[in-house]
Amino acid sequence: MDMDSIVSLCKRRGFLFQSSEIYGGLQGFWDYGPLGVELKRNVKNAWWQDMVRGHDDISTLPGAPSSYAMEGLDCTIIMHPQVWKCSGHYDLFHDFMVDCRETKKRYRHDQLNGRWAEAKGQRIFVTAQAGDEELAAMEKQAMKFFKIRAKNKDDIKWDGGSTCLTEIESFDEVLGPESKTLGTLTPPREFNLMFKTYVGALSGEEGAAFLRPETAQGIFVNFKNVLDSTRNRLPMGIAQIGKSFRNEITPRNFTFRSREFEQMEIEFFCHPDKSQDWYRYWRDRRLQWYHDMGISGDRLIMREHHKEELAHYSIGTADIEYAFPFMAEGEFGELEGVAHRGDFDLRSHMEGKLDEKSCPLTVQLGEDGKPKWKGSGKDLSYRDDLTNEKYTPHVIEPSAGADRATLAFLCEAYTEDSAPDENGKMQTRTVMKFHPRLAPIKAAVFPLVKKDGMPEVAKEIYLDLKKHFNVFYDEKGAVGRRYRRQDEAGTPYCITVDGESLTDKTVTLRDRDSLEQIRVKIDEVEHVIRERLNA
Ligand code: GAP
């Protein structure tokens, strides 16, 4: 599977388009086309059904320490600015970037690599964007700088392997990825990833607000509202699906790192003594969900973070990672993080200060010597009415990206195999082997030919199925070609009305993956498809 083929199929078949394409596109923003919007909606619906709506709150599920409640929520994208002070995003949610004074390009400090090169009596550090092509890019840059032709490229002596720019102290001898002269990169500067906007008519800092960089905070600040309105006892999870925004310095790898994306997050509130057990439960449950949705084998892994990798709030995190085709051999990209956040969020929304244990960064003090930001002052702790114990709940957070999951399902589904054409000759075909729950179109209905009453029967079947599933009707071109188009769309079943259908009231049902064709009675088609989709 190669990424270029997947990207080209996504555009050709209407899964994904570059945002604002006719104006040259906007980097880090993507639009979902007719097939893509169905696929992504199915991903979100499957998650919501499995985690929230279909949740069994009266039994103890396998692996769970006890039964628990699950509720849903849909919060605003713009929230009170104090939310981001207390969450730590205002002060801590940044990347370091370097600017090139010559080309005006901006790079993430930790995403520039370089090598020391020497020629014509000069030693320089040649940089390139980190990635598969970096060594070739460095060689090209060095040849340009030293004015050495390709046939004499061995005149450049390379010293050591590729090193991250973060290891280099002075940039005087550094050649930027696209610059012609040395020392054009600025020292690294902090860059907050939140998009800023202004609320109402106030244009100054009084009206400043931010687009949320995660959906999680809406859940934390509504914890008491949900608890009181549902009269649930803990443990309880609150789930939300929604857009988040991050002004990523270097968005890349298709939708993998976008500036506008959707998250599917659960904040699970529990007793501190049971939080490690719940952490393990959610880690395993979420990994299993991806397996159940069709990602199998060694392309999916779970990786526990080392201590140094943990976010400021986290006392344990495991990432669920997928071997995306754009990653180097043996490397994986994060699909979802399952974090043990302790009581960090509820406490900081109550008290408004970051504690040194969970946040080893200096708490900023105002002129009065008090922390610069205030909490809500509201009591967000929980009293157990059975034991009368009062405590601040601990939180386990399975936080998934809807776009990354959709991208992983696209990559996993992409298959090239061979199938017989209408003359029985084997031909290569591209087929998207989506899990039936995720497939954008569940079934396509074809009349074999556009005459002899076949279209009428096919249309009747189509209209009947449309009440239950997303189905597609096609009568254009050779039937073999129509099958191929549905294979590329990932449609699990094709129903063909032929001459026999008119006499014995049966149709052909073709299976996308096995290519098996069986005859089914017209009045049983809906039932047979439903059974297969749920299998
Ligand atoms: N509330 C915790 C949180 O937001 P995160 O690891 O920053 O944690 C969670 O984000 C998930 O959101 C990631 O695992 C990823 O799937 C998705 N995500 C984060 N940044 C993204 C981006 N720039 N583009 C697409 N998806 C992103």
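When a ligand or atom number is given, it counts from 1 through the structure's own listing order.
- With sequence neighbours left out, Phe254 forms a ring-ring contact (aromatic ring centres under 6.0 Å, His included) with Trp30.
- Only the side chain of Glu248 comes within contact range of ligand 1, with a heavy atom under 4.0 Å; no backbone atom does.
- In this structure, Tyr382 has its ring center at least 6.0 angstrom away from the ring center of Phe269.
- For a threshold of 3.5 Å applied to N or O pairs, the pair formed by Glu267 and ligand 1 contains no separation below that value.
- For Glu416, the CD atom sits in a packed shell: over 12 heavy atoms of surrounding residues, nucleotides or ligands are nearer than 6.0 Å.
- Between Glu134 and Arg115 there is no salt bridge, since no side-chain N of the basic residue sits under 4.0 Å from a carboxylate O of the acidic one.
- The N/O atoms of Pro213, backbone and side chain alike, include none that comes under 3.5 Å of an N/O atom in ligand 1.
- Ion pair Asp91/Lys85 flagged as a salt bridge, since at least one NZ, NE, NH1 or NH2 atom sits closer than 4.0 Å to an Asp/Glu carboxylate oxygen.
- A ring-ring contact (aromatic ring centres under 6.0 Å, His included) with Phe256 holds for exactly one of Phe261, Phe324, Tyr322; it is Phe324.
- If you look at Asp319 next to ligand 1, there are no close heavy atoms at all, none under 4.0 Å.
- Considering backbone and side-chain N/O atoms, Thr255 never comes within less than 3.5 Å of an N/O atom of ligand 1.
- Of the options Ala339, Ala405, Ala216, Ser399, the smallest heavy-atom separation from atom 9 (C) of ligand 1 is shown by Ser399.
- The closest donor-acceptor contact from the side chain of Arg189 to the backbone of Met97 lies at 3.5 Å or more, if one exists at all.
- Within the structure, ligand 1 lacks Glu321 among the residues with a heavy atom less than 4.0 angstrom away.
- Using a 4.0 Å cut-off between heavy atoms, Arg212 makes no contact with ligand 1 at all.
- Close contacts of ligand 1 with Glu397, meaning ligand atoms under 4.0 Å from a residue heavy atom, involve 1 (N), 2 (C).
- The backbone of Glu336, and not its side chain, has at least one atom closer than 4.0 Å to an atom of ligand 1 (non-hydrogen atoms only; backbone = N, CA, C, O).
- Using a 4.0 Å cutoff on heavy atoms, Leu335 counts as a contact of ligand 1.
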